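Step one of this worksheet: look at the structure below.
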Amino acid sequence: MALKNSYLIDLMKTVESRNPNDKQFLITVRSVLESIEPVVEARPELIEKGVLEMFVEPERVIKFRVPWVDDAGKVHVNRGYRVQSNSAIGPYKGGLRLHPSVTEDIVKFLAFEQTLKNSLTTLPIGGGKGGSDFDPKGKSDMEVMRFCQSFMTELYRHIGPDTDVPAGDIGVGGREIGYLYGQYKRLTGDYCGVLTGKGLTFGGSLARTEATGYGLCYFTEEMLNAAGKSFKGTTVVISGSGNVAIYANEKATQLGAKVVAMSDSNGYIYDPDGIDLACVKQIKEVKRGRIKEYVDSHPNATYTEGCSGIWSVKCDIALPCATQNEISLESANTLIANGCWCVSEGANMPTVMDGIEAFQKAGVLFGPAKAANAGGVATSALEMSQNSQRLSWTFDEVDAKLKQIMVGIYHNVADAAKKYGCEGNFEAGANIAGFLKVADAMLAQGVV
Ligand code: NDP
């Protein structure tokens with residue numbers, strides 16, 4: 001698909017000239033503008049009032065030095081980021097990522113996507129994202145703590161329970177959120193819901209850990225049901241073995257699927273008997289080990305070095321849950337050739353644009369990330385509500401709300417796609433439905 005509307009073509013040229021080095025951000029903005037073209041044509045006031053120009057420019061990009069000292073006394077300096085993309089519908093909300101691949105481009109693209117995703121949840125949260133090129137892998141707990149304290153020593157002045165509420169993402173789980181929260185409290189003296197994904201003893205929500213993976217499966221099951229199918233009796237491949245992948249496996253299995261492969265950034269395991277999730281949890285959540293250790297206790301399983309090979313494993317449903325661009329066009333074609341008929345994204349932007357087009361051409365049911373993985377941030381917003389109320393809801397209460405939100409997202413996305421002439425294209429439907437709410441709020445608030 002290419003942009004046809006002359007106003008949007010010019011707008012895209014401006015975005016390109018302003019962000020010449022931000023490849024991933026440009027890909028994302030272009031893809032969203034392509035999807036919302038019919039909305040822009042039907043709503044000329046969006047052009048007249050400058051809503052699009054404001055929408056493609058983050059409200060704020062914060063970049064800072066993060067110095068810390070390792071266990072041997074050596075000083076290291078990393079870079080920290082927080083991109084506050086859009087606050088039209090609520091305080092900025094979005095995760096913090098700790099991974100060597102983190103750059104301003106990556107954080108900016110994730111914050112832009114987050115704005116649309118958060119809008120889809122129906123909850124009052126704007127879009128933001130942050131992180132650092134620090135690699136927590138192989139670091140001691142004390143090193144991670146010193147890094148987190150240094151990171152928060154700058155970040156704290158830009159966030160707050162009613163301004164910006166960060167959460168976890170790749171490399172940021174319960175341990176990191178705990179250290180970040182401790183330092184925020186020490187610097188400000190405030191005991192408030194400034195971060196989500198907190199431990200249950202200090203304001204965390206039950207079901208937040210499970211939320212993204214479970215939510216992915218609730219969304220996917222609804223999409224499958226609408227097509228007269230379900231998870232029951234299917235063979236599923238899930239990339240990654242982190243937070244999203246583990247709980248996607250748990251829920252898909254509860255819904256009757258057999259998950260046969262999982263991975264980490266070194267390679268993938270294939271177990272024809274179905275992955276033993278308790279073993280994966282022990283390796284990844286308890287020991288912080290590598291996925292290849294799985295085959296030591298499962299003789300029928302095999303380990304293959306290199307993570308992209310996982311897409312050659314035959315399956316009905318693929319749930320990419322590791323990272324961006326992990327399904328190349330080649331991997332997409334391999335999945336299609338092997339009979340895969342549904343792909344639903346747990347990670348953010350795991351499929352390259354050509355891959356998405358290949359799935360759509362082949363009639364593969366495709367659940368786009370910003371809709372399918374919105375369960376994590378939705379439950380984070382439920383954590384914010386509980387913190388404001390000074391109450392804790394039960395696991396079942398939170399899980400029921402999560403399910404209701406994910407089912408609602410599917411229908412909102414499917415209806416928007418139909419209304420704007422692209423029925424069945426949930427990628428376009430998610431962009432349109434997410435954008436409409438943000439655009440209406442921006443219109444109402446004027447030039448700000
Ligand atoms: P984790 O850090 O818990 O797990 C990430 C997993 O992906 C690990 O198994 C990791 O392997 C693997 N991985 C990381 N980089 C690569 C790579 N370049 N190639 C292959 N595998 C890789 O992160 P999450 O599970 O939290 O996040 C996974 C994805 O889901 C991300 O895209 C994130 O943005 C998205 N997401 C997460 C949400 C959440 O609530 N956590 C909410 C919505 C989206 P290794 O152990 O080797 O690093």
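When a residue number appears, it is its place in the shown sequence, counting from 1. Just so you know, these numbers come straight off a predicted model, no measurement behind them. Basis for what follows: all heavy atoms, side chains included, without hydrogens, waters or symmetry-related copies.
- Taking every heavy atom of both residues into account, Cys321 and Ser239 meet most closely at N-OG, 2.9 Å.
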One pair to check against side chain to side chain donor-acceptor pair (under 3.5 Å): Thr323 and Glu326. What are the steps and the verdict? CA-CA 6 Å; Thr323 192; Glu326 54 171 316; over 6 Å; no
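- Nearest approach of Ile291 to Gly267, heavy atoms of both residues: CG2-O, 3.6 Å.
- In Lys281, the NZ atom is crowded: over 12 heavy atoms of neighbouring residues, nucleotides or ligands sit closer than 6.0 Å.
- At most 12 non-hydrogen atoms from other residues, nucleotides or ligands lie less than 6.0 angstrom from NZ of Lys419.
- In summary, the aromatic rings of Phe151 and Phe134 are positioned with their centroids too far apart to meet the 6.0 Å limit.
- For Lys437, the NZ atom sits in a packed shell: over 12 heavy atoms of surrounding residues, nucleotides or ligands are nearer than 6.0 Å.
- Annotation: Phe202 is not in aromatic contact with Tyr191 [ring centroid separation under 6.0 Å not met].
- Separating the NZ atom in Lys258 from the CZ atom in Phe231 is a distance of 16.0 Å, to the nearest 0.5 Å.
- Remark: Cys342 SG to Leu319 CG distance equals 7.0 Å, nearest 0.5 Å.
- The shortest non-hydrogen separation linking Gly355 to Ala332 is CA-CB, 3.9 Å.
- The side-chain heavy atoms of Lys93 and Thr196, taken from C-beta on, include a pair separated by under 4.5 Å.
- A salt bridge is defined here as a Lys NZ or Arg NE, NH1 or NH2 lying under 4.0 Å from an Asp or Glu carboxylate O, and Asp141 with Arg175 meets this definition.
- Asp71 contributes no side-chain N or O that, together with a main-chain N or O of Met142, makes up a donor-acceptor pair within less than 3.5 Å.
- Using a distance-only test at 3.5 Å, with no hydrogens or angles considered, no donor-acceptor pair links the side chain of Asn249 to the main chain of Leu277.
- Counting heavy atoms from C-beta on, the side chains of Ile106 and Ser101 never come closer than 4.5 Å.
- A donor-acceptor contact under 3.5 angstrom links the side chains of Glu345 and Thr351, judged on distance only.
- Of the N and O atoms on the side chains of Ser85 and Gln114, not one donor lies less than 3.5 Å from an acceptor on the other residue.
- The two residues Ser385 and Trp393 come nearest to each other via the heavy atoms CB-CH2, 3.9 Å.
- Using modelled atom types, one finds a donor on one side chain and an acceptor on the other under 3.5 Å when comparing Gln254 with Lys251.
- Of all heavy-atom pairs spanning Val259 and Ala252, the tightest one is CG2-CB, 4.4 Å.
- Applying the salt bridge (Lys or Arg N to Asp or Glu O under 4.0 Å) test to pairs two or more places apart or on separate chains, those with a residue in residues 76-88 are Arg82-Asp164.
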Could you give the side-chain donor-acceptor pairs of residues 441-448 under 3.5 Å, partners two or more places apart or in another chain?
from	atom 1	to	atom 2	distance (Å)
Gln445	NE2	Ala88	O	2.9

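- Without hydrogens or angle criteria, Glu221 side chain to Tyr218 main chain gives no donor-acceptor distance under 3.5 Å.
- A salt bridge does not link Lys129 with Glu113: every distance from a Lys NZ or Arg NE/NH1/NH2 to an Asp or Glu carboxylate oxygen is 4.0 Å or more.
- Here Lys108 contributes atom NZ and Tyr81 contributes atom OH; the two are 10.5 Å apart, rounded to the nearest 0.5 Å.
- The OG1 atom of Thr115 sits 10.5 Å away from the CD1 atom of Ile125 when rounded to the nearest 0.5 Å.
- Contact of the Pro166 side chain with the Leu195 side chain is registered, since non-hydrogen atoms from C-beta on lie closer than 4.5 Å.
- Glu427 has its side chain within reach of Gln360: a pair of non-hydrogen atoms, C-beta onward, lies under 4.5 Å apart.
- Remark: side-chain polar atoms of Ser205 are not paired, donor with acceptor, to backbone N or O of Arg208 under 3.5 angstrom.
- Closest heavy-atom contact between Gly274 and Tyr294: O-OH, 4.0 Å.
- Between Asp135 atom CG and Phe147 atom CZ the span is 10.5 Å, to the nearest 0.5 Å.
- Side chains of Asn21 and Glu104 form no contact here, defined as non-hydrogen atoms less than 4.5 Å apart.
- Put simply, the side chain of Leu3 reaches to within 4.5 Å of the side chain of Glu34, judged on heavy atoms.
- No donor-acceptor distance shorter than 3.5 angstrom exists from the side chain of Glu250 to the backbone of Glu210, with no hydrogens or angles considered.
- The closest donor-acceptor contact from the side chain of Asp105 to the backbone of Gln24 lies under 3.5 Å.
- Remark: side-chain polar atoms of Glu154 are not paired, donor with acceptor, to backbone N or O of Ser150 under 3.5 angstrom.
- Atom CZ of Arg157 sits in a crowded spot, with more than 12 heavy atoms from other residues, nucleotides or ligands closer than 6.0 Å.
- At a threshold of 4.5 Å between non-hydrogen side-chain atoms, the residues Tyr92 and Ser87 count as touching.
- Proximity of a side-chain donor or acceptor of Glu37 to a complementary backbone N or O of Asn5 within less than 3.5 Å is detected.
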Output, in order, the C-alpha distance, side-chain angles, deciding distance and verdict of side chain to side chain contact (heavy atoms under 4.5 Å, CB included) for Val398 and Gln386. CA-CA 10 Å; Val398 180; Gln386 293 170 78; 4.1 Å; yes
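- Taking CG of Leu52 as the reference point, atom OH of Tyr7 lies at 4.5 Å (rounded to 0.5 Å).
- Side-chain atoms of Glu176 do not come within 3.5 Å of backbone N or O of Val144 as any donor-acceptor pair.
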Under the salt bridge (Lys or Arg N to Asp or Glu O under 4.0 Å) criterion, do Arg290 and Asp264 qualify, and how do the steps go? CA-CA 7 Å; Arg290 308 307 300 159; Asp264 63 18; 3.3 Å; yes
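- Residues Leu46 and Phe435 meet the side-chain proximity criterion, which asks for heavy atoms closer than 4.5 Å.
- A side-chain N or O of Ser328 and one of Ser331 form a donor-acceptor pair less than 3.5 Å apart.
- Using a 30° and 60° split on the angle between ring planes, Trp68 and His76 fall in the parallel class, below 30°.
- Arg146 and Gln149 share no donor-acceptor pair across their side chains, judged by distance under 3.5 Å alone.
- Side-chain atoms of Thr121 never come within 3.5 Å of backbone atoms of Lys117 as a donor-acceptor pair (strictly under, hydrogens ignored).
- Tyr420 and Asn431 are not linked by any side-chain donor-acceptor pair at a separation below 3.5 angstrom, with hydrogens and angles left out of the test.
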